[in-house]
Amino acid sequence: MTIRIAITPGEPAGIGPDLLIKLAQHQWDAQLVVIADGALLKQRAKLLGLDINLIDFDDSQAPSIAPAGSVYLHQVDLGTDVEVGVLNDANGQYVLDTLRIASEKNMDGTFAAVVTGPVHKGIINKAGISFSGHTEYFAQQSNTADVVMLLATEGLRVALVTTHIPLAYVSRAITVERLSKVATILNHDLQTKFGIEKPRILVCGLNPHAGEDGHLGTEEIDTITPTLELLNNQGMNLIGPLPADTLFQDKYLSQADAVLAMYHDQGLPVLKYKGFGNSVNITLGLPFIRTSVDHGTALDLAGTGTADVGSFELAIREAIKLAHEKAQNQ
Ligand SMILES: NC(=O)C1=CN([C@@H]2O[C@H](COP(=O)(O)OP(=O)(O)OC[C@H]3O[C@@H](n4cnc5c(N)ncnc54)[C@H](O)[C@@H]3O)[C@@H](O)[C@H]2O)C=CC1
Ligand SMILES: NCC(=O)COP(=O)(O)O
């Protein structure tokens, strides 16, 4: 069975188009359909000294595999010409259009998954569109109240209770309800997507030293500990709250299936230090499969041909794998 995957290369001035063009140089075991402006891809390929053959995507045809050097294209017109490495808010709507189409066509079953390249959150907002990240955008588009950001590399999976919010709002956002939903989604998807029968999840505290018995903050006593007790009584295996500065060592990680961090920069720096370029971002809890890269737009590398394809490649491979598993279980 041929799986059909949507790919959004993301910010047109960044490295997303470069990586997509490089990855299309070999044949994939799935139909990859890039949702982007074809002229942009042609121009970027020329700059990189590569050829790219774009095949018009027709969703009335059965999924088929493109030969090496080719990729299927769902055309979306850019707002304006792209200067490599230079952001332009005139293209903010274009980026969002590619994501909207990917979302709609995953919801209606045209695609079995979406793999996203990096977007620049700032320039989309500068274009007058409120946007904090793919994770939140796809949740909103699919009317999903709670989704979970999980990044995975060899030997470490990190999920987040809160995602793209200012640090000043984090404490308020960690409620019994949110923590319960995130832990439940994480536990469920570790079982179903990763085949772990009874996931062992290490849960970080929020404050230094997990609050030091309430002397350095009380969120652990007021919210985190009671929620973990509640969920463990229902059969989960959540360990914590643990001091985040000491739990990231092999002694603990080797016994764990995932770490649940309270906020973006508590968990992701460790993950990226361990596996930058070799990690995948997976959104759990969505009604469709979405994977992504572990890096940003890297404007400094766009058009140079030096950007590493590792994470984008892994994101596509993971999406294909998850899509096959989902198809088999239906
Ligand atoms: N999935 C997404 O859409 C993500 C988007 N971003 C966005 O990217 C923008 C830029 O963020 P930064 O913090 O500067 O992170 P960045 O990942 O774009 O760049 C950080 C450093 O890593 C290098 N780098 C990044 N990707 C690389 C690759 N594939 N190969 C080799 N080197 C690479 C860059 O050259 C730079 O030195 C921001 O607007 C941010 O929101 C950041 C992370 C994920
Ligand atoms: N650091 C990961 C990240 O910010 C990716 O966010 P998203 O766009 O995948 O929601």
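As the structure is a prediction and not an experimental result, all values here were calculated from the model. Both counts, for ligands and for their atoms, begin at 1 and track the order of listing.
Here atom 11 (O) of ligand 1 lies nearest to Gly296 when heavy atoms of Gly117, Ser311, Gly296 are compared.
Of all the heavy atoms of Thr297, the ones lying under 4.0 Å from any atom of ligand 1 are found in both the backbone and the side chain. At a 4.0 Å heavy-atom cut-off, ligand 2 does not touch Val119 at all. Counting heavy atoms closer than 4.0 Å to ligand 1, residue Ser292 contributes side-chain atoms (C-beta onward) but none from N, CA, C or O. Here Arg290 has side-chain heavy atoms under 4.0 Å from ligand 2, and that is the only part of it that gets that close. Counting heavy atoms under 4.0 Å from ligand 2, residue Thr283 does not touch it at all.
Atom 5 (C) of ligand 2 has its closest protein heavy atom at Asn281 ND2, 3.6 Å. For atom 1 (N) of ligand 2, the closest non-hydrogen atom of the protein is His264 NE2, 3.1 Å. If you check which protein heavy atom lies closest to atom 10 (O) of ligand 2, you get Thr135 OG1, 2.5 Å. Scanning the protein heavy atoms around atom 4 (O) of ligand 2, the nearest turns out to be His164 NE2, 2.7 Å.
Annotation: Phe288 is in aromatic contact with Phe138 [ring centroid separation under 6.0 Å].
When distances from atom 20 (C) of ligand 1 to the protein are checked, no heavy atom turns up under 4.0 Å. There is no protein heavy atom less than 4.0 angstrom from atom 14 (O) of ligand 1.
The aromatic rings of Phe57 and Tyr72 sit perpendicular, their planes meeting at an angle over 60°, well past the 30° parallel limit.
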CA sep, side-chain torsions, deciding dist, call: Phe131, His164, side chain to side chain contact (heavy atoms under 4.5 Å, CB included): CA-CA 10 Å; Phe131 180 88; His164 297 119; over 6 Å; no

